[in-house]
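Sequence lines set the chain letters: A, B, ... in the order given, protein chains first and strands last, and positions in each chain run from 1.
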Amino acid sequence: MSASLFRISHLTDFPYLCKKKYFMSLELSEQELFRRKSLEELQNAGINPYPADLFEVNVKSSEILANYPKDNNLYKNVSIAGRIMSRRIMGAASFVELQDSTGRIQLYIKRDDICQGEDTSFYNNVFKKMMDIGDIIGVTGFVFTTQMGEISIHVSDLKLLSKSLKPLPIVKEKDGVLFDAFSDPEQRYRQRYVDLIVNEGVKETFIKRTKIVQSMREFFNSKGYLEVETPILQAIPGGAAARPFITHHNALNIPLYLRVANELYLKRLIVGGFDGVYEFSKDFRNEGMDRTHNPEFTVMEIYVAYKDYKWMMDFTEQMIEKVAKDLHGTTMVRFGENDIEFKTPFARVTMIDAIKEHTGFDISGMDEDQIREVCTKLHIEAEPSMGKGKLIDEIFGAKCEQHYIQPTFIIDYPVEMSPLCKKHRLNPELTERFELFVNGKELANAYSELNDPIDQRERFQEQLKLSEKGDDEAMFIDQDFLRALEYGMPPTSGMGIGIDRLVMFMTNSNSIQDVLFFPQMRPEKKVVQTSDEDFMAIGVHEYWIQPIRKAGFNTLSALKEANINKLFNDLNGFRKKNKLDIPAMNLGELTDWISKI
RNA sequence: GAUUAUGUAGCUCAGCAGGUAGAGCACAUCCCUUUUAAGGAUGGGGUCCUGGGUUCGAAUCCCAGCAUGAUCACCA
């Protein structure tokens, strides 16, 4: 960063100018200006606010807090670094809360310990005046317990490692009650780094997220399955009924789609001879955003040869049980109002039975028109474009889904809504499919994979008909995938699980935005500004620039559109109100500037 | 996409039968050698989201827009 940024001339006589509003930068608050001033003073005092050399850290705050009570002889010589989160200055002694990656620990800083001899300027000026909450420091010292009983570090040496120029929101907590919490969702998500610094628990959620993925990976690897990567940019977005994002490849001059699923590629790899392949993948769907949907989201899909969906059910519940145990040490997990028991085995209910149970209608053997009639009776909107499978899905979604709070496998879906799934071995109207529901939401989806290439082609063609009826989520025909199947795919079972949702359940988060570091947001609006130099180029005096900006004119083009008389009044009003020691504006001068634009 | 709520200081929020913009924390100055959502005193800090309208006068009322949340629709 260029040093000139900090040597803004109008900062030199700071206290005086600070009172004169018209010199204050539009985008910097008073507190930010103070910090830039401190930064300059540090540099003048020969202290590099951003030193290059490493700082030797030999302990983390959490280790001290955990081990010191057991043995007070420990930690006679600690070296620790972190961010200043609070400061209590009591004359010649101060208390600082230092936050490192593992938590917070109190520092006790005594003037005569950190200063050499009679010269107290390091404490009185550098520490007290030029350092702020948010600065990153490194300290050495020894651990002791204060009279109040708090484990603290008695600091013998203190070094500034990074100066913070923006004030942090100060969140305080007493007896579990938060004060001044940094809670605005927009700011939390847009500035996740601030959220992570000041809000306890945010970091924990994301650490858990990583642990969940690690636990699953261990489970798959222990069985010898191979983690693979498949294309994100796809010419045909297959494997799921969803609206894709579309992009364009210049060199090939073709449209490419961001994947909505990785199913078809993973199955090609089973054709290629792997026993089991899995992928943690970002998928992209161009659909609505809400508490449970983000345009990009993470899915884990796994395909295992020579297995069926019954095997996969056992496999899935074992995997989830392991994740819960690895994360919480128990299979019982609190989610909102509910305690969810992830102990195997999970309940298993057929879709037909689920609908029978929650609606009273037995739809087995019904044709499309009969089911449409059931929808009408149940007051479920059914559009003409909906086929039999979609209609059944609507009924299930409207009347059944929400009842499955405890982990439940819904099995044996109608053939129309599962075009990539093998027909049921006992009933050709059904498929060998299950979805796992938790807390009324779909969490995982699995099949005995369809490996009959002729059947698969027909199913795709059914989808094509749906598409012609207006279902814009119906699948495309992937000819290469069909070709792969024609070479022969072993009987295979595949399963996909939404990682974001799993993380939500496992961390008691009720919004997907809380388990994504950077959830999708509308872009921040940028304020367009004409530079001071451009204003001066048309003859505007430097001291009038700020008043003009205050009057709401940040660009020359906006100034050109201005009502001159109103602007004239506003500017002189501003001058009078702020008692600015500058010549009054005259109308001719103003007109002259504007004529030059 | 629809409905609805919210948008005031760095943070959390008051204020609104229309009449000079408030609090706590943060910040600044001063005092204080061990405090615990930090002790005392003093002080600075606001395009009251934006643009229109009504009005002598709008943070406050009306309309439109923008942003965010919630609910619904779509979906995982």
Side-chain angles (χ1 to χ4, degrees), chain A residues 14-15 18-19 21 24 26 28-35 37-38 86-97 106 108-113 123 129 132-134 144-150 152 154 166-190 194 198 240-243 260-261 283-299 381 383 393-394 397 435 441-445 472-473 496-502 504 510-513 521-525 527 549-554 570 574 577:
Chain A
F14 186 79
C18 217
K19 291 202 166 118
K21 280 188 189 169
M24 277 185 60
L26 189 70
L28 291 181
S29 67
E30 185 191 27
Q31 291 189 44
E32 290 173 289
L33 290 170
F34 276 123
R35 285 175 181 231
K37 176 70 177 156
S38 295
S86 79
R87 228 163 40 137
R88 302 182 283 277
I89 296 171
M90 317 296 296
S94 298
F95 294 88
V96 164
E97 267 191 284
Q106 178 168 275
Y108 173 63
I109 298 171
K110 209 166 145 188
R111 182 186 63 204
D112 297 334
D113 287 341
Y123 179 80
K129 301 214 164 116
D132 294 283
I133 289 173
F144 76 113
T145 306
T146 63
Q147 286 171 16
M148 296 302 291
E150 177 143 356
S152 308
H154 191 122
K166 275 198 174 293
L168 283 174
I170 311 293
V171 180
K172 276 156 298 188
E173 182 258 326
K174 165 86 168 177
D175 301 330
V177 183
L178 283 184
F179 297 83
D180 300 337
F182 178 66
S183 58
D184 177 23
E186 175 172 9
Q187 290 195 68
R188 285 188 52 219
Y189 302 144
R190 284 198 199 281
V194 176
V198 304
R243 271 188 285 261
V260 295
D283 287 354
F284 305 83
R285 296 192 185 174
N286 205 342
E287 289 161 354
M289 287 163 59
D290 61 26
R291 210 176 61 245
T292 55
H293 298 85
N294 196 63
E296 56 179 293
F297 61 105
T298 306
V299 165
E381 272 185 57
E383 288 173 31
D393 195 29
E394 287 292 315
E435 286 193 330
K441 292 277 179 193
E442 182 191 342
L443 179 60
N445 181 21
D472 55 2
E473 289 172 0
I497 181 167
I499 297 299
D500 308 296
R501 283 211 178 152
L502 180 64
M504 285 167 68
N510 67 2
S511 159
I512 196 171
Q513 295 168 312
M521 306 279 281
R522 276 197 174 74
E524 272 184 275
K525 264 215 252 173
V527 181
R549 291 196 194 282
K550 283 274 176 189
F553 298 95
N554 279 315
D570 285 352
F574 185 88
K577 186 180 168 197

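Summarising the base pairing, B:rG57 is matched to no nucleotide, lacking a Watson-Crick or G-U wobble pair whose two defining distances lie under 3.5 Å. Using Watson-Crick or G-U wobble geometry with both donor-acceptor distances under 3.5 Å, B:rU34 finds no partner in any strand shown. Remark: B:rC25 base-pairs with B:rG10. Criterion, Watson-Crick or G-U wobble with two distances under 3.5 Å. Partner assigned to B:rC72 is B:rG1, using Watson-Crick or G-U wobble distances below 3.5 angstrom. With a cut-off of 3.5 Å on both Watson-Crick or G-U wobble distances, the partner of B:rA64 is given as B:rU50.
Between B:rA41 and B:rU55, the distance separating the two P atoms is 49 Å to the nearest Å. A distance of about 36 Å separates the P atoms of B:rG19 and B:rU71, rounded to the whole Å. Taking atom C1' on both nucleotides, B:rA23 is separated from B:rC61 by 26 Å, rounded to a whole Å. Separating the C1' atom of B:rC27 from that of B:rG45 is a span of 8 Å, rounded to the nearest Å. Comparing the same atom, C1', in B:rU20 and in B:rA59 gives a spacing of 13 Å after rounding to whole Å. For the C1' atoms, the distance from B:rG22 to B:rA67 is 25 Å, rounded to whole Å. A gap of 38 Å separates the P atoms of B:rA21 and B:rC32, to the nearest Å. Taking the P atom of each, B:rC49 and B:rC13 are spaced 15 Å apart, rounded to whole Å.
Side-chain proximity of A:I170 to B:rU36, B:rU12, B:rA26: nearest is B:rA26. For A:E287, counting side-chain heavy atoms from C-beta on, the closest listed nucleotide (B:rU35, B:rC74, B:rC11) is B:rC74. Picking from B:rU33, B:rU29, B:rG44 the nucleotide with the shortest atom distance to the side chain of A:K129 gives B:rU29. Listed nucleotides: B:rU34, B:rU33, B:rC74. Nearest to the side chain of A:E394: B:rC74. Side chain of A:S183, nearest nucleotide from B:rU35, B:rC74, B:rC13: B:rC13. Between B:rU68, B:rC11, B:rU34, one nucleotide has an atom nearer to the side chain of A:E186 than all others, and that is B:rU68. Looking at the side chain of A:E30, the nearest of the listed nucleotides B:rU36, B:rG44, B:rG10 is B:rG44. Residue A:P185 has its side chain nearest to B:rG69 when only B:rU12, B:rA76, B:rG69 are considered.
At a threshold of 4.0 angstrom between heavy atoms, the contacts of A:G288 include nucleobase atoms, whether or not backbone atoms are also involved. Across all strands shown, A:E173 has heavy atoms under 4.0 Å from sugar-phosphate atoms exclusively, and none from any base. Among the atoms of the strands shown, base atoms are found under 4.0 Å from some heavy atom of A:I89. Counting any heavy atom pair closer than 4.0 Å across all strands shown, A:Q31 reaches a base atom. Across all strands shown, A:D184 has heavy atoms under 4.0 Å from sugar-phosphate atoms exclusively, and none from any base. Heavy atoms of A:N294 sit under 4.0 angstrom from at least one base atom.
Taking every heavy atom of both residues into account, A:I512 and A:D290 meet most closely at CG2-O, 3.9 Å. Closest of all the heavy-atom pairs between A:A261 and A:R285 is CB-NH2, 4.4 Å.
Rounded to whole angstrom, the span from the CG atom of A:L443 across to the P atom of B:rA76 amounts to 13 Å. Put simply, CD on A:E32 is 14 Å from P on B:rA28, counting in whole angstrom units. One interatomic measurement links the two molecules: CG of A:L168 to P of B:rC27, which rounds to 11 Å at whole-angstrom precision. In this structure, CD1 of A:I109 is placed 19 Å from P of B:rC32, rounded to the nearest angstrom. The separation between A:M148 atom CE and B:rU36 atom C1' is 6 Å, rounded to whole Å. In this structure, the NZ atom of A:K37 is 15 Å from the C1' atom of B:rU29, given to the nearest Å. Between the CE atom of A:M289 and the C1' atom of B:rA67 there is a distance of 13 Å, rounded to whole Å. Atom CD1 in A:I133 sits roughly 9 Å away from atom P in B:rA28 (whole-Å rounding).
A donor N or O paired with an acceptor N or O is not found under 3.5 Å between the base of B:rC27 and the side-chain atoms of A:D132. Evaluation of atom-type donor-acceptor distances gives a pair under 3.5 Å for the side chain of A:Q106 against the base of B:rU35. Contact annotation: side chain of A:S94 to base of B:rU35, donor-acceptor pair absent below 3.5 Å.
Phosphate proximity of B:rG69 to A:Q513: present, with a side-chain N or O under 4.0 Å from OP1 or OP2. Contact check, A:R291 against B:rU71: a side-chain N or O comes under 4.0 Å of OP1 or OP2. OP1 or OP2 of B:rC11 has at least one side-chain nitrogen or oxygen of A:Q187 nearer than 4.0 Å. Contact between the side-chain N/O atoms of A:R190 and the OP1/OP2 oxygens of B:rU68 is found at a separation under 4.0 Å.
Looking only at side-chain heavy atoms (C-beta outward), A:I170 and A:I133 come within less than 4.5 Å of each other. Taking the side chain as every heavy atom from C-beta outward, A:T298 and A:D500 approach each other to under 4.5 Å. Taking 4.5 Å as the limit, every side-chain heavy atom of A:K129 sits out of range of all side-chain heavy atoms of A:S38. Annotation: side chain of A:S152 is in contact with side chain of A:F144 (closest heavy-atom distance under 4.5 Å). Here the side chains of A:F182 and A:D184 are not in contact, with every heavy-atom distance at 4.5 Å or above.
A tilted orientation is assigned to the rings of A:Y108 and A:F95, their planes being inclined by 30° to 60°.
Taking the nucleotide of RNA chain B with the nearest heavy atom to each of A:S511 and A:P295, the more 5' of the two is matched to A:S511.
No aromatic stack links A:F34 and the base of B:rA28, using centre distance under 5.5 Å and interplanar angle under 30°.
Between the side chain of A:N445 and the main chain of A:E435, no donor-acceptor pair closer than 3.5 Å is present.
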